[in-house]
Amino acid sequence: MSGKKIVLTGMQPTGKLHLGNLLGAINNWRRMLDGYDCLFFLADQHAITMPHIPAELRKNTADCVAQYIACGLDPARCKIFLQSQVIGHTELMWILSCLTPIGQLERMTQFKDKSKKIGESLCSGLLFYPVLMAADILLYGADFVPVGEDQKQHLEVTRDIAQKFNNTYSETFTVPEPHIGQAGARVMSLQNPLAKMSKSEKNQNGLIGVADSDDLIRKKIAAAVTDSGGTIEFDEVNKPGISNLLNIYAAVAEVSVGEAVEQFSSLGNYAPFKRIVADAIVAKIAPIREKYGEIAGDREYLLSVFRAGREDAQRRANKMMAKVYRKVGFVIE
Ligand code: TYM
């Protein structure tokens, strides 16, 4: 082991990565590559909590890894693996679920939102979703978990579960800290700036994919919902559309929101503002799209990345599971 602090995080391989994933997540992960022992995984077991097409999941998983790498997660400087390929995540989830009150899981915002939408037929996997997340994190002794704002509540559950296990069975797990970046922590839909940009959006104009063409990016930004009045101000309550574009611009241009507001405040209307925002996004996305194009078809390379990641992750998982089984009283031979 390197002696460095451990950073671990994951993403569901459901479709193409979008600007929210890039700005709210991957950019922060990339900044941690040098100072930490970094583990990144694809949460394919979480992905099946929603109806899916198996062949698509398989393809999306490989595509997602290619997009991770294209976004700058260099496999020579981190480990990239698939959740389903490491034995330990679901085993640990079971043990942790025996310490987690159902009420706490029923109070999760994501669970409540999905139950409202889906109703009675909601699968129980969605209820246990945060426990699987806790297992993902605790299995590797992660110190820091870089996530977007929307995952903060799940991280709190993870911390509670870790403390509960430690109090019940003696000190075992590191209690992880969420690591939430400033700019881009909450990128909203371009079509509905009150909802987060999400892979499951019905209207694809709401999100910008990291493989979108320059033209498509420009069209989507031109069509982005704005607010009444032509002034460019950061006011998430009264001007959510403009505030979202300012937030996105600040993150891609690597300036503060205040600096972005200052830069645009003299513009009299939204059209030139949108053009500058689109140019900044295009400049960020174009090299990622090109790199993705090069890697996506190289199956052997991608397989070699998974394999190296899996071997390393399995070694760590085995060590932790042996400790956990001993603590809870399972017979180990
Ligand atoms: P997922 O796949 O929904 O999102 C992956 C990461 O992207 C961030 N993100 C956003 N950030 C800003 N604005 C947005 N619009 C936006 N949309 C997504 C998310 O916060 C996340 O960091 N449950 C997790 C995956 C997971 C995981 C874990 C993460 C499973 N196990 C263990 C960390 C640790 C999820 O569905 O993320």
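Please read these numbers as outputs of a predicted model, since none were measured by experiment. One-based numbering along the sequence shown. One-based numbering, in listed order, for ligands and for the atoms of each.
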Stepwise side chain to side chain contact (heavy atoms under 4.5 Å, CB included) check, Val7 with Asp143
CA-CA 6 Å; Val7 163; Asp143 295 284; over 6 Å; no
For ligand 1, which atoms, with element, lie under 4.0 Å from some heavy atom of [X]?
X	result
Ala43	30 (C)
His46	30 (C), 31 (N)
Gln12	2 (O), 36 (O)
Val145	33 (C), 34 (C)
Lys196	15 (N)
Arg186	12 (C), 13 (N)

From the candidates [options], the one that places a heavy atom nearest [atom]:
atom	options	answer
atom 26 (C) of ligand 1	Gly24, Gly148, Gly10	Gly10
atom 36 (O) of ligand 1	Tyr129, Tyr140, Phe41	Tyr129
atom 3 (O) of ligand 1	Gln83, Gln151, Gln45, His89	Gln151

To check you understand the geometry: which heavy-atom pair defines the closest contact between [X] and [Y], and what is its length?
X	Y	answer
Val210	Gln67	CG2-OE1, 3.3 Å
Ile288	Ala70	O-CB, 3.5 Å
Lys16	Tyr292	CE-OH, 4.5 Å
Ile95	Met321	CD1-CE, 4.4 Å
Cys64	Leu17	SG-CD2, 3.6 Å
Glu91	Ile87	OE2-CG2, 3.6 Å

Evaluate [X] for polar contact with ligand 1, using N/O atom pairs at a separation under 3.5 Å.
X	result
Asp136	yes
Lys199	yes
Asp150	yes
Met188	no
Glu149	no
Met197	yes

Side chain, backbone, both or neither: which part of [X] comes within less than 4.0 Å of ligand 1 when only heavy atoms are counted?
X	answer
His18	side chain
Ile137	side chain
Val187	both
Leu23	neither
Trp29	neither
Val147	both

Salt-bridged, Glu177 to Arg159, with N to O below 4.0 Å?
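Yes, this pair counts.
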Could you tell me whether Arg316 and Asp312 have a side-chain N and a carboxylate O separated by less than 4.0 Å?
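Yes, charged N to carboxylate O under 4.0 Å.
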Can you check whether Asp63's main-chain N or O pairs, donor with acceptor, with Tyr68's side chain at less than 3.5 Å?
no
So if I apply the salt bridge (charged side-chain N to carboxylate O under 4.0 Å, His left out) rule between Asp212 and each of Lys219, Arg218, Lys220, Arg289, which one comes out positive?
Lys220
Carefully, step by step, assess Phe41 and Lys79 under the rule side chain to side chain contact (heavy atoms under 4.5 Å, CB included).
CA-CA 8 Å; Phe41 69 96; Lys79 297 289 182 296; over 6 Å; no
Run Tyr249 and Phe264 through ring-ring contact (aromatic ring centres under 6.0 Å, His included) and show every step you take.
CA-CA 11 Å; Tyr249 177 81; Phe264 296 118; 4.9 Å; yes
